[in-house]
Amino acid sequence: MPSDIAVYGLGVMGRNIAHNMVDHGLRVTVYNRTAAVTEAFVEGLPADSTVHASYDLADLADSLARPRVVFLMATAGKVVDLVIDSLLPHLDEGDVIIDGGNSYFQDSQRRWQGLREHGIRFLGMGISGGEDGARHGPSIMPGGDPQAWPLVRDTFQRIAAKADDGEPCCRWVGEGGAGHYVKMIHNGIEYGDMQLIAEAWQLMRDGLGMAASEIAETFAQWNRGVLSSYLIEITAAILRVTDADGTPRVDHILDAAGQKGTGRWTAIDALQLGVPLTLISEAVFARTLSAMKDERVAAAQQLGGVTTGFSGDRAAMLKAIHDALYAAKIISYAQGFLQMRTAAVEYGWQLAFGEIALLWRAGCIIRSGFLDDIKKAFDRRHDLPSLLFDDFFAAALRDAAPGWREAVTLGVANGIPLPALASALSFYDGYRSATLPANLLQAQRDYFGAHTYRRTDRDPETRWHTHWSSDQTEVAIDD
Ligand code: 6PG
């Protein structure tokens, strides 16, 4: 019997996806460039397994039903192009190549276009959920060639995570690089959520002097309310782990964060699109600053570090930190969806924002109850310009704002850095400001560069210039 699909690349993610497919009754061919990895994979299978192990690409192609479907789980970047090039001589028109790695969306756009010329249908598929998700049900964000999607929809909806209502977290996102774009935004939001939780933790630890076990209990309690999410849940679990001497394991982990690049891509794209994605960008910079460990240690000696000593109402401040975390999270998602709205126009995609929220309800790293509220907001108004215009989220922000300000004030007063919580508050205040001091920026630009400005009390299209350093006369500029 021919296989339904080939999984190319048996690293941890590829291996687990292959097992997940087998569990769901699919006939799978497996291939890895290093034969020993394939051998190790099949050795672990039961004797009656239908998995076909391939050791060369001609055999891989022969083993598949037509049109062939090859699922790649390779390291994002040049490797994906090399793998695709090596597969092409073995494939026929109409066959499907799926890239399930964390590829840059512009690469997927290029591969989709390039492969079309060879008659090959390409799908760039964002997959989230880490090892466990891959094994037991990830969230899947497919994009690329719309004609390829019906051929593989059933396969991927079968192996995807299911939300509480039974819906698979796997729906068509859009053409070209849209699937990997939405995955990139997911990862940016993941960076933001993680940074916010880390800041809340530092406020509790350094601002309120709480022990790790007490903070763990607080997160566990928060996980039963509006903040309920996978990342809060694992944070509580992490804070409970101790070394043999009883000290929290987390206290012994080097405070220098790594990053593979997806958060950075999100921030770079925001800058290119002109979207104020402040929170996620701060989360990326916070990782960068954390990685400058030696310099920070030297600066702490030179400049002095965090001061501590809280004498106010601890329970009230804990509630304030909770509210700050919730409010900033709303800002982060509002910014992420704003970026997708802008990207849809710029890159020509029809993104269904409510559906994207549904995709993230289970299986992925940012899964949370909160995403149901986002879906409901887009149901109430399909063309919602921003989550901040939705009555539910607007009220939530108004309620949380006093505590949010108190928590940020605690950090500012004690030298505790809060790049995400504080920048989100500045964004909120800026977004709800009918007037901003940008008129002065315009005047300064006009002063030193004759860049012109528009006036609020005249024809809005007319541009003006003042002779600032001579007689201060103002002239209308014809383009
Ligand atoms: C997921 C994750 C995953 C990501 C890693 C590491 O959705 O399963 O987003 O795709 O690559 O979590 O990311 P960083 O190394 O950039 O933190």
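Whatever order the structure lists ligands and atoms in, that order sets their numbers, starting from 1.
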List in chain and number order the residues that pass side chain to side chain donor-acceptor pair (under 3.5 Å) with Glu167, two or more places apart in sequence or in another chain; answer none if no residue qualifies.
Arg171
Measuring only between side-chain heavy atoms, which start at C-beta, is Gln335 closer than 4.5 Å to Ile280?
no
Do NZ/NE/NH1/NH2 and the carboxylate oxygens of Asp132 and Arg135 come within less than 4.0 Å?
no
For the residue pair Phe71 and Phe156, categorise the inter-ring angle as parallel (less than 30°), tilted (30 to 60°) or perpendicular (more than 60°).
tilted
Would Arg249 and Asp251 pass as an ion pair if we require N to O under 4.0 Å?
no
Ring-face cation contact, Phe392 with Lys376, 6.0 Å cut, 45° max
no
Counting only heavy atoms and a distance below 4.0 Å, can you name the residues contacting ligand 1?
Asn102, Ser128, Gly129, Gly130, Lys183, His186, Asn187, Glu190, Tyr191, Gln259, Lys260, Arg287, Ile365
